[in-house]
Amino acid sequence: MRLDRRGLIKTAGSLAIFTGLTSRPVFGRSLAGYPFTLGVASGDPHPDGFVLWTRLAPDPLERGSGMPMQAVPVQWQVAEDERFTRIVHSGEEVARPELGHSVHAEVGGLRPARRYWYRFLAGGEASPVGTVRSAPASGAAVDRLRIGVAGCQNYEAGYFTAYRHLSEEPDLDAVFHYGDYIYEHVAGRVCPKGEGGERTCFRSHVGDEIYSLDDYRRRYAQYKMDPDLQAAHATAAFLSTWDDHEVDNNWVDTWDEQGTPPEMFLLRRYAAMQAWYENMPVRGAQFPAHGGLRMHRRLDNGRLLRIHLLDTRQHRTDQRCGLQNTTHCRPAEDTAPSQMLGAEQEAWLKEGMSADFGWNLLAQQVMMMPFLYPESRADGRHNFDSWSGYSDARARVLEAIGERGLTNVIVATGDVHKHHAGVVPMNEEDLDGPAAATEYVATSISSGGDGSDVPKGWESVLSDNPHTRLLNDRRGYQVFTIGKDEWRTDVVGVDRVTTPGGAKTKIATLVTVPQKPGVHPA
Ligand SMILES: [Fe+2]
């Protein structure tokens, strides 16, 4: 959004920091403190630019994050070098109280496939410097892309050490975030269980369960103060999505898991979506509205990769009955077609999956492949919050992949706090049969606590799931190194998150080729 000087002066009133706005904003007068405590971020690269994000918060956990309830001008600069000797673009945005003093600068006019550095200036202060790459030109041949995959970062379950290691990965083009960026619960409720079953929190949420816009803003502020998370954002563009905990555990459409009347849950959902927009480096196309927020979108990277960022929460039908703690559900006798993406997004996805790209990446949240868990071996029941609770919706997407003859579809997933890799079988009854796509499921940054390589009781899970090739319960992330002839997935773990400084371990490197879905050792 452009700076409207007249509007700004009107809203600024007599506040001293706005004197002189008729010529240039006066940046010399300080705010209540250093305003860039939540770091900087970039997102959604296009060939000509990206969105740059910050949020002014001199006192992040206080009401209004310590900002005056006034609009405040913020400058941004984009340079070709880290020391800003070659500034190639700059501009001005207004951080408004209506949006929690967040800034989303959509920068265009840049060159494709180039690394840039950026920073913000406000209140006489300069922000930390971030770096970001523009996307390759449309139709360009691209040798290689590197995309990190991360999510599920329960602040209370451990330190964000995995983000520190991710921020040190060389040559990242972007980081796909599969959601659970914040967790909504009251301090102490969801913490890792020790040997004796007792729960231990390693850090504590501020405040009770979050409902209001101010609550959500403060929760984001607490998470964003984390230096490891800030380091990851400063390293590469994030491709941000949400899963359930950005709003409430296991919500779908207009329902939370307690069965709160939809008109009331929708008020909470709207506050949560607004806070998500305010705190994510996303473009104006993702601006929240009363009816919802269009989160699904597409990002092309030359001819090599088309990324379909999906929303598997907002448009689905209710979960099948049988999911733990979910009181509002879809009974077995309801045989109407189910929706995971909703009709509009599903049609959009089917139309957009294309053989014109080396790879199609379905960047989404919940597991698409069927999966038998230790506790479900006896009854063969699947996780009803995943695509397996929506078999007919899954079958429609897989059918579309088959009809187009696509063999280059990769699904990136989070949610279950474990590393998995496998294929999505065309027929859910025939796990060993022909496959429609390859799925890489990334573990969590912190949710679940330290973990172990193979959790107790999970020894037979790989053989129960013959379509999968990987199981690991360490915290961590994945990195996709994408070339024309090979998709390489580095599976990374950290040895502990319950104390700072955990060491990085390479768990596996797996490979997929574009001619046929499958997971192979490198
Ligand atoms: Fe999670």
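Both counts, for ligands and for their atoms, begin at 1 and track the order of listing. Bear in mind the structure is a predicted one, so any value in this text is a computation, not a measurement. Only heavy atoms go into these numbers, but all of them, side chains included; no hydrogens, no water, no symmetry mates.
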(request) Assign the ring pair His177 / Tyr163 to parallel, tilted or perpendicular, where the plane angle (0 to 90°) is split at 30° and 60°. (result) parallel
(message) A cation-pi test, strictly: NZ or CZ of Arg203 under 6.0 Å from the centre of the six-membered ring of Phe160 and no more than 45 degrees from its axis. Yes or no?
(response) yes
(message) Tell me if the aromatic rings of His233 and Phe238 count as close, with their centers under 6.0 Å from one another.
(response) yes
(request) Establish, for the pair Arg316 and Trp251, whether the NZ or CZ atom is under 6.0 angstrom from the six-membered ring centre and no further than 45 degrees off its axis. (result) no
(message) Arg217 and side-chain contact (heavy atoms from CB on, under 4.5 Å): which single residue from Gln274, His101, Gln222 fits?
(response) Gln274
(message) For Arg144 versus Asp173, what's the shortest heavy-atom pair and its separation?
(response) O-OD2, 4.4 Å
(request) Please indicate how many protein N/O/S atoms are found closer than 2.8 Å to the Fe ion (ligand 1), with waters neither displayed nor included. (result) 4
